[in-house]
Number of protein chains: 2
Amino acid sequence: MSTQTTIIDSSQLPLKMLILDAARKLFAEHGYAQVSMRKLATTIGYSPTTIYHHFKDKKELFLCLTEETYRDFLHAINEILSVSKSPRDALKNILHTFVTMGLENPNAYRVGFMMETDLWKVRDSQFEHNPLGKTMYDRINSCVKKCMLPGSTDEDILVTSNSIIAATHGLTALLVTYPNFEWGPVHKLKKQVIDSAVDSIV
Amino acid sequence: MSTQTTIIDSSQLPLKMLILDAARKLFAEHGYAQVSMRKLATTIGYSPTTIYHHFKDKKELFLCLTEETYRDFLHAINEILSVSKSPRDALKNILHTFVTMGLENPNAYRVGFMMETDLWKVRDSQFEHNPLGKTMYDRINSCVKKCMLPGSTDEDILVTSNSIIAATHGLTALLVTYPNFEWGPVHKLKKQVIDSAVDSIV
DNA sequence: ATCCTCGCTTAACAGTGTTAAGCTGGGGAT
DNA sequence: ATCCCCAGCTTAACACTGTTAAGCGAGGAT
């Protein structure tokens, strides 16, 4: 057994990267259910089994990609927070970006925020499988808190924050699910949904 | 060829009804993807092929069930409209019921309003496969219109209505997707989301 | 008795996620 | 130089999935 001077971390192994790159592309183009392990394998020129040497199963592969999605969103949020004047401004900007990013990559949004997964159904591990998602959520939460009166209770903050998230998510989800319905001009929808939600903060 | 004095309409054929009843139950319990045609067949005591004599494919079967969902929602909406004093009252009641019904039957809600289907992606057949959905949508739309100033443009009405629907849908979708997350008291969330959206109507 | 039709089944095709078992080529040890 | 081992990959299979072509068999009509 040699000294383990592993400089390259396992997530950057060429083959693992190759799989993730191909999977990201295919998932984005066709959606989760439409991409089979076999198709993925042939596009990278390996046998299906090879994928299973780097990922436990299809779900774990999907989870890696959702983490990327969360990372992207978190990155954008951090950027906005660092340049915004007021918390209210920051919040509205974050929500606008949220919708925009969702519409730019609808399949990623689906997988990240709309998918039926038993992972999210475990009671006592709310964000165990999704620390980046938790960070994201916390950023928004604390931003909402800053917009509220100092005396607000924790529950008030929680409910307000979640309500705003819900409204924003709803618009994105609707546009992602029914992309061809005549919803009206997207920028107006975004403005109305976000303004209604945020401006209702006391 | 006999005279076609068919009194019982085809949707009430015993076997077709049997299939739908079983499917509705299984879908509600396990979700769309988890119910296979074979499992459905064995639970009703027939071979899988038999189902295909009554439904073109799994998608058509699922569509029949979504129509039931839409019918239920529409029924509730009509009931509320017939007893409400003001349009604003009616609208808020409708939206509250919308969330409540969604949470009561999350799998039906998923299939009806959150599912990835190429059906909704056809450009010029917005509601062709879903007339009940259209009626539902129109009811809400006209209710929003009544809440607005007489001079409002069609686009304003459209955007306002869709924004309200989006916010409400967002809450339901979030609760359906992450049922075990600590969102806070559901009744408060409903109130906040719906009030923020509806009270923003000028 | 024959035929024919209707309701259903058998058996198969092509595809899915997943895994046990095996092959193979290159590097370290002898 | 030879051996051996093991990492990395593949083959082949299992148990599923949606779907369909072909066929069976009982009952009524002629």
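Each chain gets a letter, A, B and so on, in the order its sequence line appears, and its residues count up from 1. Atoms considered below: every heavy atom in the structure, side chains included; atoms not considered: hydrogens, waters and symmetry mates. Just so it is clear, the structure is predicted and the values come from calculations on it, not from any experiment.
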Student: Can I get a per-line list of side-chain donor-acceptor pairs under 3.5 Å for residues 26-36 of chain A, giving both atom names and the distance, sequence neighbours left out?
Tutor:
{"unit_1": "A/Ser36", "atom_1": "OG", "unit_2": "A/Lys39", "atom_2": "N", "d": "3.1"}

Student: Between A/Asp195 and A/Lys92, is there a salt bridge with N-O shorter than 4.0 Å?
Tutor: yes

Student: Please list all pairs passing the ring-ring contact (aromatic ring centres under 6.0 Å, His included) test where one or both residues lie in residues 74-94 of chain A, with sequence neighbours left out.
Tutor: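 Sorted pair list comes back empty.
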
Student: With sequence neighbours left out, write down each residue that passes ring pair (Phe, Tyr, Trp, His ring centres under 6.0 Å) with A/Tyr137, or none if nothing qualifies.
Tutor: B/Phe181

Student: Which is the 5'-most and which the 3'-most nucleotide of DNA chain D that has an atom under 4.0 Å from a heavy atom of chain B?
Tutor: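 That gives a stretch of D/dT17 to D/dA21.
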
Student: Rounded to the Å, how far apart are A/Lys56 NZ and C/dT18 P?
Tutor: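 These atoms are roughly 8 Å apart.
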
Student: To the nearest 0.5 Å, what is the distance between CE (A/Met37) and OG (A/Ser47)?
Tutor: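 Going from the CE atom of A/Met37 to the OG atom of A/Ser47 covers 11.0 Å.
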
Student: In Å, rounded to the nearest 0.5 Å, how long is the span from CE of B/Met101 to CD1 of B/Ile94?
Tutor: 12.0 Å

Student: Decide yes or no for B/Val99 and B/Leu95: does some side-chain heavy atom of the first lie under 4.5 Å from some side-chain heavy atom of the second?
Tutor: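 B/Val99 vs B/Leu95: side chains apart.
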
Student: Charged N to carboxylate O under 4.0 angstrom, A/Asp21 versus A/Lys25?
Tutor: no

Student: Describe, as an angle rounded to 10 degrees, how the axis at the first end of the helix from C/dA1-D/dT30 to C/dT30-D/dA1 is tilted relative to the axis at the last end, five pairs per end.
Tutor: 40°

Student: Going by atom types only, do B/His53 and B/Tyr46 share a side-chain donor-acceptor pair under 3.5 Å?
Tutor: no

Student: Among residues 30-53 of chain B, which ones have heavy-atom contacts with DNA chain D below 4.0 Å?
Tutor: B/Val35, B/Ser36, B/Met37, B/Arg38, B/Lys39, B/Thr49, B/Tyr52

Student: Does NZ or CZ of A/Lys16 come closer than 6.0 Å to the centre of the six-membered ring of A/Phe55, within 45° of the ring's axis?
Tutor: yes

